[in-house]
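Everything below concerns the one structure shown next.
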Amino acid sequence: MLPVVVVHGGAGHIPKERSEKSTMGVCSAAQAAYFVLQGGGSSMDAVVEAVTSLENNPSFNAGCGSVLNIKGEVEMDAIVMDGKTLASGAVSAVRNIANPVQLARLVMDKTSHACLTAEGASQFAHSMGVAEVPQESLITEYSRMRWRKNLAPDANPVESQMGKMGTVGAVAVDIEGNVACATSTGGMLNKMEGRVGDTPCIGSGGYADNLSGAVSTTGHGETIMKVTLARLILFHMEKGQSAEAASDLGLAYMKSRVGGLGGVVTVDPKGNWAARFSSKQMSWAAAQSGMLHHGLYTGEHFTQNVEEPH
Ligand code: ASP
């Protein structure tokens, strides 16, 4: 059954006119990562490939296309975790980086720390030869428009509750049975400057352990952190639950206990996978055994062959 990769493009409400782009984005990210795995690449290489592709796609709230904070600026968070060694790396509140997930991986590979933030993360990026990009290159017309709309005193409460989400993430199992996760986000629309969400926090934005599986989460960060959603799901898997049942249990607990909505992609080390959400929508895609699966609404599940790379 191995290998497998599952990606998400964020839980929340995806406006109709943006749903096709969102579906295409998660499908092509899953396929790109699947080719890495098929070529013998590690699960860590695959999740970074998937998330880099989603960060580069302006349809998602990560990298280019990130939502803006209250001052109209981009501040991004990202995490990676390796299930073989439990090594992890994260960055928070980074501003001028095109691919925060790659910087998070450098934190894991090149430092003795688990997370670098803001100015310190920038200095580290510079020392690693990671190019700085101008803020404008990360800001889309759409994110600017939403920021403005949300500043208005009569801002639509539905948009403020559900429309703020859109993180991206991936989990994978490689041919050796190693699991990994990666998650990246622009955070919550019109957040306070300096706000750090769940994404870079181990056990909240993601977790990976070869003994149980890997999870990448999306949704309301402040409530995800209260229940450490990724770790909670793996706890249920350690107790014998399937990836799907454990994901549902974690999401149901978050909803009943703290009123939070979200979504997750989950794998176990054998390659069983799940894409589950309590929000109205979550774009997701999974590639395994030459097949590509994807969906957007609860119960939706389309299947087609994986497209060969051009
Ligand atoms: N979890 C992210 C955050 O709170 C947002 C999202 O998943 O859309 O920063």
Side-chain angles (χ1 to χ4, degrees), residues 3 5-8 29-30 32-37 39-57 60 62-64 66 74-133 138 167-174 176 178-187 196-210 214-218 230 265 267:
V5 56
V6 195
V7 313
H8 68 77
Y34 186 62
F35 296 129
V36 170
L37 293 171
S42 68
S43 49
M44 178 55 66
D45 288 342
V47 293
V48 170
E49 176 80 20
V51 169
T52 298
S53 154
L54 294 162
E55 286 176 339
N56 291 341
N57 186 329
F60 298 99
C64 174
S66 287
V74 169
E75 284 182 303
M76 302 164 291
D77 303 331
I79 190 168
V80 296
M81 187 161 179
D82 181 341
K84 189 175 180 183
T85 58
L86 303 195
S88 67
V91 290
S92 64
V94 293
R95 288 167 178 260
N96 296 90
I97 302 293
N99 295 111
V101 73
Q102 294 180 7
L103 191 58
R105 187 176 185 172
L106 285 171
V107 170
M108 178 180 80
D109 289 343
K110 306 283 184 201
T111 79
S112 56
H113 302 305
C115 184
L116 292 177
T117 194
E119 185 49 34
S122 293
Q123 283 169 21
F124 171 65
H126 185 73
S127 73
M128 289 284 115
V130 175
E132 282 219 333
V133 297
L138 302 173
T167 295
V168 304
V171 288
V173 193
D174 59 31
E176 288 174 10
N178 294 314
V179 305
C181 71
T183 312
S184 179
T185 189
V196 174
D198 59 305
T199 300
C201 301
I202 301 176
S204 292
Y207 201 87
D209 184 347
N210 276 4
V215 181
S216 168
T217 69
T218 169
V265 289
V267 285

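Predicted model only: the values in this text are computed from it and were never measured.
Met44 places a side-chain heavy atom less than 4.5 Å from the side chain of Val48. A 4.5 Å side-chain heavy-atom check between Val265 and Val7 finds every atom pair outside the cut-off. You'll find the side chain of Val74 stays beyond 4.5 Å of the side chain of Arg95, heavy atoms only. Residues Thr217 and Asp198 are in side-chain contact: their nearest non-hydrogen atoms beyond the backbone lie under 4.5 Å apart. Phe35 places none of its side-chain heavy atoms less than 4.5 Å from the side chain of Glu49. Under the 4.5 Å side-chain criterion, counting only non-hydrogen atoms from C-beta, Val168 is in contact with Phe60. Counting heavy atoms from C-beta outward, His126 and Glu132 have side chains that stay 4.5 Å or more apart. Counting heavy atoms from C-beta on, the side chains of Asn178 and Val173 never come closer than 4.5 Å.
Taking each heavy atom of Met108 and Asp82 in turn, the nearest pair found is SD-CB, 4.3 Å. Here the closest non-hydrogen pair linking Ala131 and Ile97 is O-CD1, 4.5 Å. When all heavy atoms are compared, the tightest approach of Leu54 to Ala29 is CG-CB, 3.7 Å. Between Tyr34 and Pro3 the shortest heavy-atom distance is CE1-O, 4.0 Å. Between Ala90 and Pro200, the shortest heavy-atom distance links the atoms CB-O, 3.4 Å. Closest approach of Leu103 and Ala121 over heavy atoms only: CD2-O, 4.0 Å.
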Derivation and outcome, side-chain contact (heavy atoms from CB on, under 4.5 Å), residues Ser216 and His8: CA-CA 8 Å; Ser216 168; His8 68 77; 3.0 Å; yes
Full working for side-chain contact (heavy atoms from CB on, under 4.5 Å) between Val5 and Val171: CA-CA 6 Å; Val5 56; Val171 288; over 6 Å; no
Test log, rule side-chain contact (heavy atoms from CB on, under 4.5 Å), inputs Thr117 and Val91: CA-CA 5 Å; Thr117 194; Val91 290; over 6 Å; no
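Between Arg105 and Asp45 a salt bridge is recorded (basic side-chain N to carboxylate O distance below 4.0 Å).
Between the CD atom in Glu119 and the CZ atom in Phe124 there is a gap of 14.0 Å [rounded to 0.5 Å]. Here the SG-CD1 distance, from Cys115 to Ile202, works out to 8.5 Å after rounding to the nearest 0.5 Å. The SG atom of Cys64 sits 10.0 Å away from the CG atom of Asn99 when rounded to the nearest 0.5 Å. Separating the CG atom in Leu138 from the CD atom in Glu75 is a distance of 12.0 Å, to the nearest 0.5 Å. Distance check: Asp209 CG to Thr85 OG1 gives 10.0 Å after rounding to the nearest 0.5 Å.
For the pair Asp77 (side chain) and Ser184 (backbone), a donor-acceptor distance under 3.5 Å is absent. Using a distance-only test at 3.5 Å, with no hydrogens or angles considered, no donor-acceptor pair links the side chain of Thr183 to the main chain of Gly206. Asp174 places a side-chain N or O within donor-acceptor distance of the main-chain N or O of Glu176, the cut-off being under 3.5 Å.
Side-chain atoms of Thr185 and Thr199 form no donor-acceptor pair, as typed in the model, at a separation below 3.5 Å.
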